[in-house]
Amino acid sequence: MRETIICIGKTGAEPYTFPETGVRVFSYEEICYYLSRHMIFYIKSLPEEELLYYMKNQLGLDKLYRQLCRLTDPEKDQMKYFSALFREGNYFSEEDIHKILDEYRELKNASPALAGKWTGDLYFRYKKTSMAAACYCRALREDTKDEVLQGNIYHNLAAAKARLFRFHDAKIDFLKAYQLTGEEESLFGYYCVTALVEGEETALHEMESFQISELSQESFEHRYASVWEEYRDSEAADRVKRMTFLEEQGRKEEAEKVSEKLIRSMQNDFRKEAEI
């Protein structure tokens with residue numbers, strides 16, 4: 001967490017790691033701060049029991065441990081759990097606690113599709129891309145007539161798939177998002193994926209069918225230039241260039257070896273973010 005948190009209580013000798021995001025904390029104050037900003041993860045279930053053991057064994061919060069243990073029953077009101085947790089150490093004011101609990105109530109009352117999008121967005125922020133994609137897919141299976149919401153989910157799903165190198169699927173979802181919302185941001189995502197995979201000339205040609213303005217097209221080209229600058233200096237781009245060169249020289253076996261290394265590298269890059 002980037003913000004500075006003043007911790008006045010005991011700190012743990014070892015950190016507690018929140019399984020959803022991989023964020024590590026060492027104190028009661030950090031736990032409260034984290035939970036207050038990630039309540040979307042707990043609208044259907046409470047934090048895992050390991051957090052209670054951590055507060056008892058590492059932070060010496062025996063009283064709070066016993067109190068929260070009595071509130072973990074699924075039949076009980078989950079808001080009482082968070083209310084008790086946030087009030088224990090006076091980290092939050094009463095006004096802060098009421099605001100957090102009101103926001104929690106709104107999250108619980110949100111439609112399944114909207115809650116799924118919010119959950120996916122949070123996973124995506126922490127680069128848990130495969131988990132984000134799974135949340136978006138579940139959200140799209142929910143019965144909703146809100147086309148704008150559907151379009152926004154498709155857009156974010158496409159971004160997740162592009163990050164996972166599922167470029168063909170990403171193009172399809174960016175297009176679905178654009179058809180539902182008419183937002184050019186989704187069309188720009190479609191343009192970027194096409195340009196990266198098939199070349200900028202192909203991307204420009206495809207844009208003609210969407211009849212976008214010259215100003216929008218110039219904006220796309222300018223924004224894509226910065227995307228390309230970042231990509232072309234990457235290790236993946238170097239390997240793709242090497243692979244293309246070997247194929248042009250008829251050195252197929254060597255090209256396949258470079259391809260295998262590229263795939264393994266991608267798998268290693270995304271294995272950690274795919275795990276919870």
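In this structure, a donor-acceptor pair under 3.5 Å is present between the side chains of Y104 and Q78. Residues H38 and Y33 have side chains that never bring a donor and an acceptor to within less than 3.5 angstrom of each other. Using a 3.5 Å distance cut-off with no hydrogens or angles, the side chains of E206 and Y190 do pair a donor with an acceptor. No hydrogens or angles considered: nothing links the side chains of E183 and S186 as a donor-acceptor pair under 3.5 Å. Side-chain N/O atoms of S219 and S216 include no donor and acceptor closer than 3.5 Å. E200 and Y191 share a donor-acceptor pair across their side chains, judged by distance under 3.5 Å alone.
Remark: I153 CD1 to E142 CD distance equals 9.0 Å, nearest 0.5 Å. A distance of 7.5 Å separates CG in L85 from CD1 in I31, rounded to the nearest 0.5 Å. Atom CD of residue E103 and atom NE2 of residue H98 lie 13.5 Å apart, to the nearest 0.5 angstrom.
T21 contributes a side-chain N or O that, together with a main-chain N or O of V23, makes up a donor-acceptor pair within less than 3.5 Å. Of the possible polar contacts, none joining the Y123 side chain to the S130 backbone as a donor-acceptor pair under 3.5 Å is found. Checked by atom type and distance alone, the side chain of K56 never pairs as donor or acceptor with a backbone atom of Y65 at under 3.5 Å.
Cluster annotation: I172 and L157 are assigned to distinct hydrophobic clusters (Ile/Leu/Val/Met/Phe/Trp/Tyr, side-chain heavy-atom contacts under 4.5 Å, transitive).
Taking the ring centre of F188 as origin, the terminal cationic atom of R223 falls inside the region bounded by 6.0 Å and 45° from the ring axis.
Among residues two or more places apart in sequence or in another chain, the ring pair (Phe, Tyr, Trp, His ring centres under 6.0 Å) test is passed with Y28 by none.
Using a 30° and 60° split on the angle between ring planes, F18 and Y34 fall in the parallel class, below 30°. Relative orientation of the F82 and Y42 rings is tilted, given thresholds of 30° and 60° on the angle between their planes.
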